[in-house]
Protein chains: 2
Amino acid sequence: MPDGCSVEAAFEILVGKWKPVILFHLFKHETMKFTELHKAIPDITKKMLTAQLRELEYHDIVHRKIILQIPPKVEYSITEYGKKLRPLLQAINDWGMSHAAHMNELYGIEKSKSE
Amino acid sequence: MPDGCSVEAAFEILVGKWKPVILFHLFKHETMKFTELHKAIPDITKKMLTAQLRELEYHDIVHRKIILQIPPKVEYSITEYGKKLRPLLQAINDWGMSHAAHMNELYGIEKSKSE
DNA sequence: CGGGATCCACTCCGATACTG
DNA sequence: CAGTATCGGAGTGGATCCCG
């Protein structure tokens, strides 16, 4: 099965529950410090933020720049290679939005998750 | 956060570990019976196959046609709406493939997952 | 400040067995 | 044949504490 399988490979990199949000912020701000990211996504724990960032770094999607000084500082940014992801993410996002509208047509607006 | 969040919504529908493969087969064969799908994806259990199919059905991506007879038969097919997913899946797949090549450049071919 | 280590809770998935 | 119900394991994410 040559085709349709790299989809899962792609998902392994993009899923992870927090990666889309992290990438979203990084695409917007170009460069963000660890703390800025953490404040932008308050619900994430430091552990998870670090873990997801490390994975993205491994996949050459984000770059980690360490600034040694007394209050240590680390800046994260999207790599040139990582920027290629943008149209794909955008396409997925567009589909997600239009699909939400489609679901709305079919079932009506569901606010609470049934009772 | 209006943007970059529908990505996760889209993932909820497309991820699930088996959905891409199921969709892949369905896109190829137009119409498949439950057993055919099961034979096409031997590793999946009946429980999972049913569950994933039901979710896709709920999201109006696949259609379930029940043929009542003594050996019961059910045919699954992609809906018209579901066909819109094809280019998206293709794009994700393309990126996954090119990314695999990129990883190969960076780290070389890794066959075993390091002992 | 950035991030690693440990422990725990929860969810997802597989194996098996049963039903219509 | 198509599908459901139950159980149990594995993997994932969260809270907390500790280290540079």
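Protein chains get the first letters and strands the later ones, always in sequence-line order, with residue 1 at the start of each. These numbers were taken from a predicted model, which means no experiment stands behind them. Every heavy atom of this structure was used, including side-chain atoms; hydrogens, water molecules and symmetry mates were not.
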Problem set entry | 5′-ward residue of the pair T50(A)/P71(A) relative to DNA chain C |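 The 5'-side residue here is P71(A).
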
How many whole angstroms separate atom [atom1] of [X] from atom [atom2] of [N]?
{"X": "Y76(B)", "N": "dC1(D)", "atom1": "OH", "atom2": "P", "value": "15 Å"}
{"X": "K73(B)", "N": "dG3(D)", "atom1": "NZ", "atom2": "P", "value": "13 Å"}
{"X": "K33(B)", "N": "dG3(D)", "atom1": "NZ", "atom2": "P", "value": "13 Å"}
{"X": "I66(A)", "N": "dC1(C)", "atom1": "CD1", "atom2": "C1'", "value": "13 Å"}
{"X": "E57(A)", "N": "dG3(C)", "atom1": "CD", "atom2": "C1'", "value": "13 Å"}
{"X": "L68(B)", "N": "dG3(D)", "atom1": "CG", "atom2": "P", "value": "12 Å"}
{"X": "K39(B)", "N": "dC1(D)", "atom1": "NZ", "atom2": "C1'", "value": "11 Å"}
{"X": "L53(A)", "N": "dG4(C)", "atom1": "CG", "atom2": "C1'", "value": "14 Å"}

For this session: Can you check each nucleotide of nucleotides 6-20 of chain D against protein heavy atoms at under 4.0 Å and return B for base, S for sugar-phosphate only, - for none, in 5' to 3' order?
Result: BB-----SBB----B

Problem set entry | Inter- and intrachain pairs under salt bridge (charged side-chain N to carboxylate O under 4.0 Å, His left out), touching residues 23-32 of chain B, at least two apart |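 Output for this query lists E30(B)-K83(B).
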
Exercise. What pairs meet the salt bridge (charged side-chain N to carboxylate O under 4.0 Å, His left out) rule with one or both residues in residues 47-60 of chain B, with sequence neighbours excluded?
Worked result: K19(B)-E55(B), R54(B)-E57(B), E57(B)-R64(B)

Using distance only, find each side-chain donor-acceptor pair of residues 68-75 of chain A under 3.5 Å and give its atom names and separation, not counting sequence neighbours.
from, atom 1, to, atom 2, distance (Å)
Q69(A), NE2, P71(A), O, 3.3

Sequence neighbours excluded and cut-off under 3.5 Å, please list the side-chain donor-acceptor pairs for residues 36-46 of chain B, or say none.
from, atom 1, to, atom 2, distance (Å)
E36(B), OE1, K33(B), N, 2.9
H38(B), NE2, I44(B), O, 3.0
T45(B), OG1, M48(B), N, 3.3

Problem set entry | Qualifying residues under side-chain contact (heavy atoms from CB on, under 4.5 Å), relative to H59(A), sequence neighbours excluded |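 H59(A) satisfies side-chain contact (heavy atoms from CB on, under 4.5 Å) with I13(A), I61(A), H99(B), M103(B) only.
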
For this session: On the 0 to 90° scale, with breaks at 30° and 60°, tag the Y76(B)-F34(B) ring pair as parallel, tilted or perpendicular.
Result: tilted

Problem set entry | dG3(D) OP1/OP2 closer than 4.0 Å to side-chain N/O of R54(B) |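 So the side chain of R54(B) is outside the cut-off, no N or O lying under 4.0 Å from OP1 or OP2 of dG3(D).
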
